[in-house]
J.: 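My structure is below; once you've seen it, I'll send some questions.
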Amino acid sequence: RAAHAPYSALAESDYVHKVSACGGMEGFLMSPGFKLTDTRQKSMFSKELRKQWKKMYFVLKDSHLLMYDLTDHSELITEPKGVLYMGQDITVVRQHEETENPDDAGDQKMVKFYFTAMNAQTDNDVESIAMCAESEEERENWMRALNASTKVTTKNVMMAALEKENICVKAGIAALDVDLQGRITDPLCVQPFDEKQKPLYRHPDGRTLTRDLAATNVDVKRFSKAAQPLDFFNRHLPQNAAPMFASNPVEPVGVGVDGKHYAMPSGRILAPTDKHYDFEGQPLHQDTIKAADQIVEPLRVACIVRAANISREKNPVFDPLGRPLKKTRDGKLITLEGQPLGNVEKCVFDSLGTAIKYTPISSGAVKTLEIAYLTNEADLVTIGKLGIEVGHTTLADVHAEIKKNLTTKISAVTFLVKGMPIPEREKEQRIASDYLPALRVSCRDIHGKRMQWDGKKFAADVDHAEIDEATAKEKENDFVKVVNNQKHKKSRGTSVAGTPRTPRAP
């Protein structure tokens with residue numbers, strides 16, 4: 001990565017770790033609105049302009065700052081009162097801290113946490129927006145997000161994507177791939193197909209099924225979309241290598257990030273001199289077994305890329321085959337599809353392929369998490385209290401419990417941390433106890449408009465068993481829906497790869 005290139009700012013820790021992945025912040029700030037002001041005139045705090053200051057609701061999304069006047073019933077997404085494109089030459093200025101208005105001694109502390117975003121390209125007439133936060137911390141959070149948003153331009157994002165692609169090409173691995181279900185594949189893995197080029201699907205419980213939802217056995221050969229053979233874990237085979245299996249019992253064998261040969265799911269380790277077998281049960285030649293070891297270095301690089309580009313955890317954990325792992329509430333490790341690791345749990349790795357010792361976490365104490373909602377009048381109202389298990393209850397669990405008390409009008413609930421929305425895909429990774437004692441939420445309807453909370457107040461403990469059952473059912477339904485959609489695409493004359501099929505001759 002070129003350290004001084006404009007797009008490199010997208011990788012700075014402030015943006016990656018402190019700014020939401022779905023973009024920016026939202027919340028109430030005092031402001032007179034967007035102005036074209038002459039820099040030679042008196043300040044925004046003149047007696048004339050101070051009459052225009054009032055609470056506005058701001059949404060910073062990617063490189064756009066949108067302002068809404070909720071007191072006039074402005075609706076989010078569709079009716080912003082003003083927009084500032086942050087991708088141009090925008091300067092964010094922290095203004096002086098005053099304890100009172102210089103023009104009105106009776107109007108105190110208005111400008112204590114004042115900051116301005118202005119277009120620095122013009123000489124005199126400046127497109128700007130002045131804002132005032134309620135605390136130093138809130139002002140710093142907004143200024144950090146605004147400065148980061150100036151780098152989120154189409155050009156910079158494209159340059160960063162090209163640079164990442166260049167790095168991955170040199171390393172010989174793919175930075176990110178998805179299967180036909182739209183799910184991110186494990187490092188070095190691709191979407192598998194059978195010998196007839198019919199797709200194979202990953203069930204939410206980890207099983208591999210056919211398009212007819214039939215289970216596949218270890219004797220089902222797997223291929224890529226380009227008809228190249230894969231190992232049993234859907235990874236491209238190195239040159240002169242072949243899919244490998246162990247006997248008694250018959251299990252697929254894969255080379256891990258440490259170069260050892262693992263029979264899965266038992267986790268048995270086979271020595272290179274031990275017998276390895278092919279699909280037909282015939283012993284493989286030692287040269288073929290040795291050729292499989294060529295995957296070690298690309299696998300390590302793929303784990304590093306995966307951890308850098310996708311994982312939000314500070315210390316992501318992988319199994320011997322480089323598959324990302326997540327922790328259960330009882331402290332055990334499972335794959336992202338929910339498969340237990342068995343004996344392999346004793347051997348886990350960090351993103352650099354270094355073996356680490358994992359100690360299961362015992363069940364945590366139960367504490368109360370307040371759920372607060374910010375009304376259109378900028379009042380913070382507690383709408384519920386949930387008993388959560390420290391270190392184990394996730395935001396996905398909290399969200400599921402809140403949904404029980406929603407009205408049909410509210411379509412979505414977004415968690416806000418210091419004004420920054422938490423992306424939907426991260427709810428399962430975030431631990432609710434990290435946000436004690438209170439967590440703020442924002443509500444949207446089906447059209448994306450911000451809504452007032454009109455549900456009932458609630459007080460309960462998070463029912464993990466009920467939520468797990470409901471989540472499993474929801475994932476099952478989504479899986480069946482995706483597979484059926486793929487079947488319908490084929491029946492309409494389109495292949496699963498997205499290319500029109502050639503009509504047969506009469």
Side-chain angles (χ1 to χ4, degrees), residues 168-175 177 179 185-195 200 202 206 208 216-306 318-325 335 339 341-344 346-355:
C168 296
V169 169
K170 290 182 179 179
I173 55 94
D177 201 359
D179 58 20
T185 58
D186 293 326
L188 291 191
C189 295
V190 297
Q191 166 65 44
F193 296 81
D194 64 13
E195 288 181 291
L200 302 175
R202 287 191 298 174
T208 299
T216 59
N217 299 319
V218 292
D219 59 349
V220 175
K221 295 182 179 180
R222 304 183 182 198
F223 298 85
S224 68
K225 185 170 65 175
Q228 297 297 317
L230 306 174
D231 67 8
F232 193 82
F233 307 100
N234 304 329
R235 305 183 298 187
H236 283 289
L237 293 168
Q239 188 175 5
N240 300 324
M244 302 184 297
F245 297 86
S247 60
N248 300 321
V250 176
E251 292 181 312
V253 175
V255 180
V257 292
D258 56 354
K260 296 179 180 179
H261 294 205
Y262 291 87
M264 303 298 281
S266 69
R268 288 183 293 161
I269 299 178
L270 280 68
T273 54
D274 292 340
K275 285 188 176 181
H276 294 55
Y277 300 88
D278 61 14
F279 272 108
E280 285 71 34
Q282 299 299 316
L284 292 169
H285 193 275
Q286 281 297 315
D287 290 342
T288 305
I289 298 173
K290 187 176 180 180
D293 295 340
Q294 299 174 68
I295 201 175
V296 174
E297 286 306 315
L299 182 58
R300 287 179 177 173
V301 175
C303 289
I304 294 173
V305 173
R306 173 66 180 260
F318 299 82
D319 77 350
L321 300 182
R323 297 179 295 186
L325 303 174
T335 65
Q339 290 179 302
L341 295 185
N343 295 330
V344 185
K346 300 178 182 178
C347 188
V348 296
F349 299 81
D350 62 16
S351 60
L352 298 179
T354 305

J.: Are the side chains of Asp274 and His261 in touch, meaning some heavy atoms are under 4.5 Å apart?
T.: no
J.: Find out whether Phe245 and Val218 are in side-chain contact, i.e. whether some heavy atom of one side chain is under 4.5 Å from a heavy atom of the other.
T.: yes
J.: Should Lys260 and Pro320 count as side-chain neighbours, where that means a heavy-atom distance under 4.5 Å?
T.: no
J.: Quick check: do Arg235 and Leu299 have side-chain heavy atoms less than 4.5 Å from each other?
T.: yes
J.: For Pro252 and Phe232, which heavy atoms make the closest approach, and how far apart are they?
T.: CG-CD2, 3.3 Å
J.: To the nearest 0.5 angstrom, please state how far the OG atom of Ser224 sits from the NE2 atom of His236.
T.: 4.5 Å
J.: What's the spacing between Phe318 CZ and Thr354 OG1 if we round to 0.5 Å?
T.: 11.5 Å
J.: Provide the closest heavy-atom pair for Ala291 versus Gln239 in the form atom of the first, atom of the second, distance.
T.: CB-O, 3.5 Å
J.: Rounded to the nearest 0.5 Å, how far does CD of Gln286 lie from OG1 of Thr273?
T.: 7.0 Å
J.: Please examine the side chains of Met244 and Val255, heavy atoms only from C-beta on, and report whether any two atoms are closer than 4.5 Å.
T.: yes
J.: If you define the side chain from C-beta out and look only at heavy atoms, does anything of Asp194 sit under 4.5 Å from Phe223?
T.: no
J.: Are Arg202 and Asp186 side-chain neighbours, meaning at least one heavy-atom pair lies under 4.5 Å?
T.: yes
J.: What are the two closest heavy atoms between Pro238 and Ala292, and how far apart are they?
T.: CG-O, 4.0 Å
J.: Enter the distance from His276:NE2 to Ser247:OG here, rounded to the nearest 0.5 Å.
T.: 10.5 Å
J.: What are the two closest heavy atoms between Pro249 and Arg268, and how far apart are they?
T.: O-NH2, 3.0 Å
J.: Going by heavy atoms in the side chains, are Arg222 and Thr208 under 4.5 Å from each other?
T.: yes
J.: Does the pair Phe349 and Asp319 meet the rule for a side-chain contact (heavy atoms from CB on, under 4.5 Å), with working shown?
T.: CA-CA 6 Å; Phe349 299 81; Asp319 77 350; over 6 Å; no
J.: Scan for salt bridge (charged side-chain N to carboxylate O under 4.0 Å, His left out) pairs involving residues 278-299, sequence neighbours excluded, and state none if there are none.
T.: Lys221-Glu280, Glu297-Arg300
J.: Could you tell me which non-hydrogen atom of Leu284 sits nearest to which non-hydrogen atom of Pro243, and how far apart they are?
T.: CD1-O, 3.9 Å
J.: Indicate the atoms forming the closest heavy-atom contact of Ala263 with Ala246, along with that distance.
T.: CB-CB, 4.1 Å
J.: Roughly how far, to the nearest 0.5 Å, is the OG1 atom of Thr216 from the CG atom of Leu200?
T.: 6.0 Å
J.: Just how far is it from atom CG of Asp179 to atom CG of Asn234, taken to the nearest 0.5 Å?
T.: 9.5 Å
